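What follows is one structure encoded as structure tokens, with my remarks underneath.
Read the numbers this way: they start at 1 and go in the same order the structure lists the ligands and their atoms. It should be emphasised that the depicted structure is a prediction, and the values quoted were computed from it without experimental measurement.
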Amino acid sequence: MSSTLWQQCCERLAAELPEQQFTTWIRPLPPGVVSATPEGNPVVSVRVPNRFKLDWIRNQYGSRIEALLTELAGEPVRLELSLAPREPAPRAQATATAGATTGANGIVQLPLQGLLQPGPPPLPETASPARTRLNPALTFDNLVPGRANQMARTAALHVAGAPGQMYNPLFIYGGVGLGKTHLIHSVGNALLADNPNARVLYLHAEQFISDVVKNYQRKTFDELKAKYHSLDLLLIDDVQFFAGKERTQEEFFNAFEALLAKRAHIIMTSDTYPKGLADIDERLTSRFDSGLTVAIEPPELEMRVAILMKKSDAEGTEMPEDVAFFVAKNVRANVRELEGALRKILAYSRFSHKEINIQLARDALKDLLSIQNRQISVENIQKTVADFYKIKVADMYSKKRPASIAKPRQIAMYLAKELTQKSLPEIGELFGGRDHTTVLHAVRKIGGERTKDTELNQQLHVLEQTLKG
Ligand code: ADP
Ligand code: MG
């Protein structure tokens, strides 16, 4: 009876959640155990193997699960999520050997059935765990290694194994969707697996900014200091967002110095290298550069193939190697796009009940491929923009500065960054050997102006549509 209710609930969740979410979060859970409150209302208790999962499941799925249980039972059901004891009981271990796996965090995860026959009621969770803001799904285990991330991954592994020692601060930069966020979460998760008491905090730079603003309004900087300065590992994502935020930079600098002084580790990510960061105090950027700075590059073909195969495997679907090659050859930009392509193929195969082969992949990715095939080159952008603004293509490389030329040139640089995979220095090179900071300035300037200037925005739309074909 109890297992049926839970089972039905799982079936509903399986149908409504993306498969990867369901396999990651719900499927590994032991069956919920039904008991009753003193008033006789049913309570379903589920034990979760570790506190990250507990937090995550409670926040992301708690209310939905409760609603489903209530609907299925036809009366109000309370969901009680609690931590499973750290060491599985011998009986549970014995029943679980066959399918037990050890997660990246070193915690044994038990298979679907067999565990938690009605036993002692779960202990209510007492103190709420410190918020690390880590996503436990992002680990070294499921980060595919390759030439593109070799340096960054090696350095990150090193820090996870010996924080506060070498490579401090570690600065990781690269384009969007290349795995920077994944990598720094992996460090946090690995460190916590080794040492559950480590004080780790992941923050997107924007969260840090909003913390600073809040504390500024409430005049509670001491609290802010206490919070950041007591950490063992601080992970700050996308520090380019600190641009122009002076107060934030100052607070960050303080936290930064305090943490380094007590040999806590700091890892940062950014879309560009420290010296390329615009509107960030040089005092700060030179400190960013004082440990180790490493790039993550776009993955090469073999790595893209490996990523596709690993990810489809994780979805429980085998992707033939020739299909993986086909997709990897056509989807080149970054890992996020690869994931998107994979999702399309899996969904297409499921809906059409067809097996995955190249033809199916071609059909599933029809829209994507027609865009990809029309590769946009920097030369093409320069020519199109020059035509549009009626200037000479040669002015794209010239040193001329009148606004009638400089502006279109900046627009072309902006579009080159937006529509190609070229790095800032590469783009600078293609615009007559200009410095990468010139390109960065153009990218930021045009990007900022288009949000305020509707005419410019309209022109950019036309150019983008023309270039994309
Ligand atoms: P970034 O922070 O650089 O923009 P993310 O870390 O968000 O990129 O990565 C984008 C997506 O690609 C995520 O879903 C991430 O898990 C995945 N990903 C990136 N690199 C890899 C890799 N080497 N192996 C497996 N998945 C990866
Ligand atoms: Mg990121």
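For ligand 1, the polar-atom distance check against L178 finds a nitrogen or oxygen pair separated by under 3.5 Å. Polar contact with ligand 1: absent for L138 (N/O pair, distance under 3.5 Å). The shortest N/O to N/O separation between V335 and ligand 1 does not fall below 3.5 Å. Of the N or O atoms in G179, one or more lie within a sub-3.5 Å distance of an N or O in ligand 1.
Relative ring orientation between Y173 and F171 is described as tilted, the plane-to-plane angle lying within the 30° to 60° band. Classified by interplanar angle (parallel below 30°, tilted 30° to 60°, perpendicular above 60°), the ring pair F288/F252 is perpendicular.
Looking at R336, H204, R153 and measuring to atom 7 (O) of ligand 1, the nearest heavy atom belongs to R336.
Within ligand 1, counting atoms from 1 as listed, the ones closer than 4.0 Å to a heavy atom of N149 are 23 (N). Residue-ligand proximity, V176 to ligand 1, at heavy-atom distances under 4.0 Å covers atoms 4 (O). Contact atoms of ligand 1 toward H182: 6 (O), 15 (C), 16 (O) (distance under 4.0 Å to a heavy atom of the residue). Close contacts of ligand 1 with M303, meaning ligand atoms under 4.0 Å from a residue heavy atom, involve 23 (N).
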Take Y228 and F208 through the ring pair (Phe, Tyr, Trp, His ring centres under 6.0 Å) test and state the conclusion after the steps.
CA-CA 10 Å; Y228 290 112; F208 187 89; 4.9 Å; yes
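The shell of residues lying under 4.0 angstrom from ligand 1, judged by heavy atoms, includes G175. Remark: distances from the non-hydrogen atoms of K311 to ligand 1 include one below 4.0 Å. For the ligand labelled ligand 1, residue G174 lies outside the 4.0 Å heavy-atom shell.
Given atom 24 (N) of ligand 1, the protein heavy atom at minimum distance is V144 N, 2.7 Å. Residue, atom and distance of the protein heavy atom nearest to atom 4 (O) of ligand 1 are G177 N, 2.7 Å. Protein heavy atom nearest atom 2 (O) of ligand 1, with residue, atom name and distance: T181 OG1, 2.7 Å. The nearest protein atom to atom 25 (C) of ligand 1, hydrogens excluded, is given as N142 O, 3.3 Å; this is a heavy-atom distance. With hydrogens left out, the protein atom closest to atom 11 (C) of ligand 1 is E339 OE1, 3.4 Å, a heavy atom.
Ion pairing between a basic and an acidic side chain is recognised when a charged N comes within 4.0 Å of a carboxylate O; K422 and E429 show no such pairing. Ionic pairing of E379 and K383 is not present here: no N-O contact between side-chain nitrogen and carboxylate oxygen is shorter than 4.0 angstrom. R304 and E300 are not joined by a salt bridge, as no carboxylate oxygen comes within less than 4.0 angstrom of a charged side-chain nitrogen. For K180 and D271, the salt-bridge test fails: no basic side-chain N is under 4.0 Å from an acidic carboxylate O. In summary, R450 and E464 engage in a salt bridge, as defined by a charged side-chain N under 4.0 Å from a carboxylate O. Using a 4.0 Å cut-off between a side-chain N of Lys or Arg and a carboxylate O of Asp or Glu, R64 and E16 qualify as a salt bridge.
Among the atoms of T181, an N, O or S atom falls under 2.8 Å from the Mg ion (ligand 2).
Note that CD1 of I381 is 7.0 Å distant from OG of S377, once rounded to the nearest 0.5 Å. Once rounded to the nearest 0.5 Å, the distance linking NE2 of H204 with CD1 of I209 reads 8.5 Å.
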